[in-house]
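None of these values were measured; they are calculated from a predicted model. What you see below is based on every heavy atom in this structure, not just the backbone, and it leaves out hydrogens, waters and symmetry mates.
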Amino acid sequence: VLTRAVTASPITKVLQLLDSLAAKVTAEGEVEQQQYEELVAWCEDNAREKQHELKNSAERQAELEAVIEKADSDISVTESKISELSASISQNDSDLASATKVRAAEHKDFLTRDGEQAEAMDTLERAIQTLSKALKAGLVQVDAHSAKKLGDAMRVVVDAGVSSTRDVQKLQALLQTRMEDADAMQAHTEARSPDAIIDVMKDLLDKAEQERADSTKAETEAQFNYDMLKQSLTDELRTENKQIEERRTKLAAYRETKAAAEGDLQATNKDAASDSATLSQIQTDCMQKASDHEAEVADRKGELKALAAAKSIIEEKAGGASSRSYGLLQMATQSRSSDVLPAVLAQLRQLGYDHADMGLSMQLAQLASTDASQEDVFAKVKGLIRTMLEKLAEEAKADAKEHEWCTTKTKETTAAKEEHEGEVDKISSRIDRTEAAITEATASLKELESELGALNKMQGDMDKQRGEEHAGYQKASKDYEAGIEGVQMAIKVLKEYYGKNNALLQASSATGIRDGNGIIGLLEVAESDFSKLAAEVEADEKSAEEEYARQTKANKVAKKEKETSIKYTKKQITRGEKALTELTDDRDAAQGELDGVLEYLSKINKRCIAKPETYEQRVAKRQAEIDGLKNALKILAEETAGSESFLAVRANHRHQ
């Protein structure tokens, strides 16, 4: 290089070392500044990420707390309903057991009473047959044996409770038991016709039959009422047991939902605590790094200030001493000026080539071919060097300004890019959640509509079945009513006939009369059967109507709930679709802004980064060029001064 053409003085070496050290400190500062900016970007990215995660955790915590609160409410309501159903089931079980116990006791009493009534009726029938045979044989006397039989029959009737006190008194008045002799019995019976005794006994038999029929009817009705009560309680118990099982299933599901939400909430809280601690650590570390960086920048500024001050002092204070101390030595050791100039011109030509300065190249070519004196050439070269130094200074200033602009714009645009990317990611996440919610709500709506359709179909089937059952009930009820009316009319006709012809009984066949009574009895049994069946049909219709009304009411409630749920779900889907449209528009807008930022950042990178050399390399190269030019200018100045001094010394020697 040019500096090897002459031997530099120690002061010059010191100045060179100061410049080199200052350049080194500056380069290190730029590297550390770049590293610090990267650290700041890392801190901001990680802090923003953790803050975003904390925000998501807070939203998730609120959602899970809402789920837990709703699950608690559902559990409380379901437990209360289960308690109510349990109490109702216990009461219905108790009522059914009590009714069963009472019914068993009533049935036992009926069997006992019915047996006694049957025995009494059988005794009366045998007594009536005995008297009827006696009358048919023409034997109107009642001997002691027959009287004893009649007395026994009456005691059985009295003990069985099938006759009234008036009837017993009438029998006792007609027949006195335990007479002392047959003559007295015969005289008494002659005074009282045996036909009258038979009539009283037949009346007693008829009343016994009626009372037995009434007792049987009462027993049938009691059994029917018990069966209806049992059926009602059994149905209610079956329904309540089904409901309590459903409630228990729901309770288990609610508890499972609550447990899962509590587990998720615990994990979310743990993640949030970890993210919060990490964010705090990031902030602490980054603040410490920032503080350390500020201290290093301050130290570096102090060092550069000290180096500049030292250089300035040396240049101002030690310049003259250096010239006087080392001038003669340099003159003795330096090369001839003809060796210095070619080296300076070579360096200038290289600078002109590097900077594509055609004007400088042409001027140097002219200097190389000129016949001007050495002093003129040195003066022109010095002028070219100063011009080149000014040009390099302007380039350095422009390059520094461009570098500052690139650094600022890159930082601002990168921050804007990251901000817009975060916004796009945030909106995309919300879009994903909204789409998932819409999908879930749509599936729920489809299920609700399917359930509502099934419920409407079931209600339609129930309406049709209830109509058919009611039509069948009306027809059966009408048939039973007509049958009862017909049987009652037939009984009335037969009873009226036999009642009007009672005077002919003595002359008529007892068997014929008993056949008529048998027919009437069968008709009465048929009437009882028809009445029982009509009551059963009526009870079945009432039970079916009650069950239909209960199920219809439950269906109406379920239908209302499902229609409300469908309405709410549709609104939820509509709101979700509206929100999805707005979010999509927001994301498109954010993406458009991001695309604009990315395009601008690409232009910045193309302008600031896509260059053969980095800014630091250009600064170092330019500084080396400036140092070389300054050194060449100094050498030329020293060369000129040395020549003048040498000429002055020689002149002095000549004059001595």
Side-chain angles (χ1 to χ4, degrees), residues 96-129 150-172 198-232 477 480-481 483-492 494-496 498-499 513-540 542-543:
L96 181 59
S98 176
T100 302
K101 183 177 180 181
V102 171
R103 178 84 281 273
E106 290 176 349
H107 185 64
K108 182 178 180 181
D109 293 341
F110 164 74
L111 293 177
T112 301
R113 186 171 60 254
D114 187 69
E116 293 174 351
Q117 290 174 340
E119 183 180 357
M121 290 170 62
D122 183 65
T123 302
L124 282 172
E125 287 179 349
R126 288 199 304 272
I128 291 171
Q129 289 177 359
L150 291 174
D152 293 338
M154 286 187 294
R155 280 194 297 274
V156 171
V157 173
V158 172
D159 293 338
V162 297
S163 62
S164 63
T165 304
R166 178 175 172 274
D167 293 332
V168 174
Q169 290 175 351
K170 186 176 180 182
L171 280 174
Q172 289 175 345
I198 292 174
D199 290 340
V200 172
M201 296 182 71
K202 285 183 176 181
D203 288 340
L204 287 175
L205 181 60
D206 291 339
K207 290 181 179 180
E209 289 177 348
Q210 184 62 42
E211 288 180 1
R212 188 183 184 192
D214 292 342
S215 178
T216 301
K217 184 177 181 181
E219 169 64 15
T220 301
E221 291 177 352
Q223 182 64 36
F224 174 76
N225 291 334
Y226 167 75
D227 291 339
M228 291 299 99
L229 176 61
K230 180 179 179 181
Q231 183 65 38
S232 176
S477 179
Y480 285 133
E481 288 177 358
I484 292 171
E485 183 180 1
V487 169
Q488 288 176 345
M489 291 174 64
I491 292 173
K492 182 178 179 182
L494 292 175
K495 283 186 176 181
E496 287 178 353
Y498 286 113
I513 296 173
R514 292 303 298 149
D515 290 341
N517 289 332
I519 293 172
I520 292 173
L522 290 174
L523 289 173
E524 289 175 343
V525 172
E527 179 188 5
S528 176
D529 291 340
F530 289 166
S531 298
K532 179 180 178 181
L533 292 173
E536 291 178 353
V537 169
E538 182 70 25
D540 291 341
K542 183 179 179 181
S543 176

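Looking at heavy atoms from C-beta onward, Glu527 lies out of side-chain contact with Leu523 at the 4.5 angstrom threshold. Residues Glu119 and Asp122 fail the side-chain proximity criterion, which asks for heavy atoms closer than 4.5 Å.
With respect to Glu524 and Lys495, a salt bridge is recorded, a charged nitrogen being found less than 4.0 Å from a carboxylate O.
To the nearest 0.5 Å, atoms CG (Asp199) and CE (Met201) are separated by 11.0 Å. Residue Leu522 holds its CG atom at 10.0 Å from CD1 of Ile491, rounded to the nearest 0.5 Å. Atom OG in Ser477 sits 8.5 Å away from atom CD1 in Ile484 (nearest 0.5 Å). Taking CG of Leu124 as the reference point, atom CG of Leu204 lies at 6.0 Å (rounded to 0.5 Å). For the atom pair CG (Leu229) and OH (Tyr226), the distance works out to 8.0 Å, reported to the nearest 0.5 Å.
Between the Thr216 side chain and the Arg212 main chain, a donor and an acceptor come within less than 3.5 Å of each other. Looking at Ser232, its side chain never comes within 3.5 Å of a backbone N or O of Met228 through a donor-acceptor pair.
Here Arg103 pairs with Glu106, Glu219, Gln223 under the side chain to side chain donor-acceptor pair (under 3.5 Å) rule; sequence neighbours left out. In this structure, Ser543 has no side chain to side chain donor-acceptor pair (under 3.5 Å) partners at least two apart in sequence or on a different chain.
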Does the side chain to side chain contact (heavy atoms under 4.5 Å, CB included) test come out yes or no for Lys202 and Ile128, once each step is laid out?
CA-CA 7 Å; Lys202 285 183 176 181; Ile128 291 171; 3.8 Å; yes
The test is side-chain hydrogen bond (donor to acceptor under 3.5 Å, both in side chains); show your working for Glu221 and Asn225 and say whether it passes.
CA-CA 6 Å; Glu221 291 177 352; Asn225 291 334; 5.8 Å; no
Checking side chain to side chain contact (heavy atoms under 4.5 Å, CB included) for the pair Gln117/Asp114: CA distance, chi angles, key distance, verdict?
CA-CA 5 Å; Gln117 290 174 340; Asp114 187 69; 4.3 Å; yes
Worked verdict on Asp214 versus Gln210 for side chain to side chain contact (heavy atoms under 4.5 Å, CB included)
CA-CA 6 Å; Asp214 292 342; Gln210 184 62 42; 2.9 Å; yes
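Leu205 and Met121 get closest at one heavy-atom pair: CD1-O, 3.8 Å. Here the closest heavy-atom approach between residue Ser215 and residue Phe110 is recorded as OG-CD1, 3.5 Å.
No hydrogens or angles considered: nothing links the side chains of Ser531 and Tyr480 as a donor-acceptor pair under 3.5 Å.
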